[in-house]
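Report on one structure; see the data block that follows.
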Amino acid sequence: MRIDKFLKVSRILKRRTLAQEACDKGKVSVNGRPVKSGHQIKPGDTVEISYVSGRLKFKINEIKETVKKDEASSLYEILTDENEN
């Protein structure tokens with residue numbers, strides 16, 4: 001699955017266009033390397049997203065095409081959530 005679609009399906013980012021923009025601006029990295037929105041991910045990959053207010057790092061547990069809102073958080077495991085407050 002593409003990283004932009006995973007970010008939307010897992011509800012880490014609300015819209016796929018936001019995920020694509022984040023990737024194109026170099027704010028998303030997989031396994032330590034910046035990636036474009038079409039990058040293919042797999043379970044076990046570590047993803048890091050840089051926000052204005054901090055960073056979110058998580059590991060992909062599972063990949064599904066669609067998932068209910070309640071089950072979205074089961075697709076990943078948060079490793080670090082650094083917010084600058």
Please tell me if the side chains of [X] and [Y] come closer than 4.5 Å, counting only heavy atoms from C-beta onward.
{"X": "Lys8", "Y": "Lys14", "value": "no"}
{"X": "Glu65", "Y": "Lys5", "value": "yes"}
{"X": "Leu75", "Y": "Ile60", "value": "no"}
{"X": "Thr66", "Y": "Val9", "value": "no"}

Nearest heavy-atom neighbours spanning [X] and [Y]:
{"X": "Ile3", "Y": "Ser37", "answer": "CG2-O, 3.5 Å"}
{"X": "Phe58", "Y": "Ile78", "answer": "CB-CA, 4.0 Å"}
{"X": "Lys59", "Y": "Gly44", "answer": "CG-O, 4.0 Å"}
{"X": "Lys42", "Y": "Ile63", "answer": "CA-CD1, 3.6 Å"}
{"X": "Ala72", "Y": "Ser10", "answer": "CB-O, 3.5 Å"}

field: Salt bridge present between Lys68 and Asp70 (N-O < 4.0 angstrom)
entry: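 A salt bridge is absent here (no side-chain N lies under 4.0 Å from a carboxylate O).
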query: Do Glu48 and Lys27 meet the salt-bridge criterion of a basic N to acidic O distance under 4.0 Å?
result: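 No, Lys27 and Glu48 are not salt-bridged.
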Rounded at 0.5 Å granularity, tell me how far [atom1] in [X] sits from [atom2] in [Y].
{"X": "Thr46", "Y": "Asn31", "atom1": "OG1", "atom2": "CG", "result": "5.5 Å"}
{"X": "Leu7", "Y": "Arg16", "atom1": "CG", "atom2": "CZ", "result": "10.0 Å"}
{"X": "Glu21", "Y": "Leu13", "atom1": "CD", "atom2": "CG", "result": "10.5 Å"}

message: Please verify the inter-ring angle class for Tyr76 with Phe6; under 30° counts as parallel, over 60° as perpendicular, anything in between as tilted.
response: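 Rings of Tyr76 and Phe6: perpendicular, over 60°.
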- prompt: Hey, quick one: are Tyr51 and Leu18 part of the same hydrophobic cluster, counting side-chain heavy atoms closer than 4.5 Å, chains of contacts allowed?
  reply: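 Per the 4.5 Å side-chain linkage, Tyr51 and Leu18 are not co-clustered.
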- request: Evaluate the side chain to side chain contact (heavy atoms under 4.5 Å, CB included) criterion for residues Arg15 and Gln20: first the C-alpha distance (whole Å), next the side-chain angles of each, then the deciding distance (0.1 Å), finally the verdict.
  value: CA-CA 9 Å; Arg15 293 189 318 269; Gln20 289 170 339; over 6 Å; no
- prompt: Could you walk me through whether Glu82 and Lys57 pass the salt bridge (Lys or Arg N to Asp or Glu O under 4.0 Å) check?
  reply: CA-CA 9 Å; Glu82 301 170 4; Lys57 188 174 185 178; over 6 Å; no
- prompt: side chain to side chain contact (heavy atoms under 4.5 Å, CB included) between Arg2 and His39: does it pass, once the steps are laid out?
  reply: CA-CA 5 Å; Arg2 292 168 51 117; His39 182 80; over 6 Å; no
message: Is it the case that the side chain of Asp81 and the backbone of Leu56 share a donor-acceptor pair, with hydrogens and angles ignored and the cut-off at 3.5 Å?
response: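 Not at all, since once roles are kept as given, no pair shorter than 3.5 Å links the two residues.
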query: Could you go step by step and tell me if Ile49 and Arg55 meet the side chain to side chain contact (heavy atoms under 4.5 Å, CB included) rule?
result: CA-CA 6 Å; Ile49 303 174; Arg55 273 188 225 147; over 6 Å; no
- request: Go through the steps for Val30 and Ile41 under the test side chain to side chain contact (heavy atoms under 4.5 Å, CB included), then give the verdict.
  value: CA-CA 8 Å; Val30 176; Ile41 52 152; 4.3 Å; yes
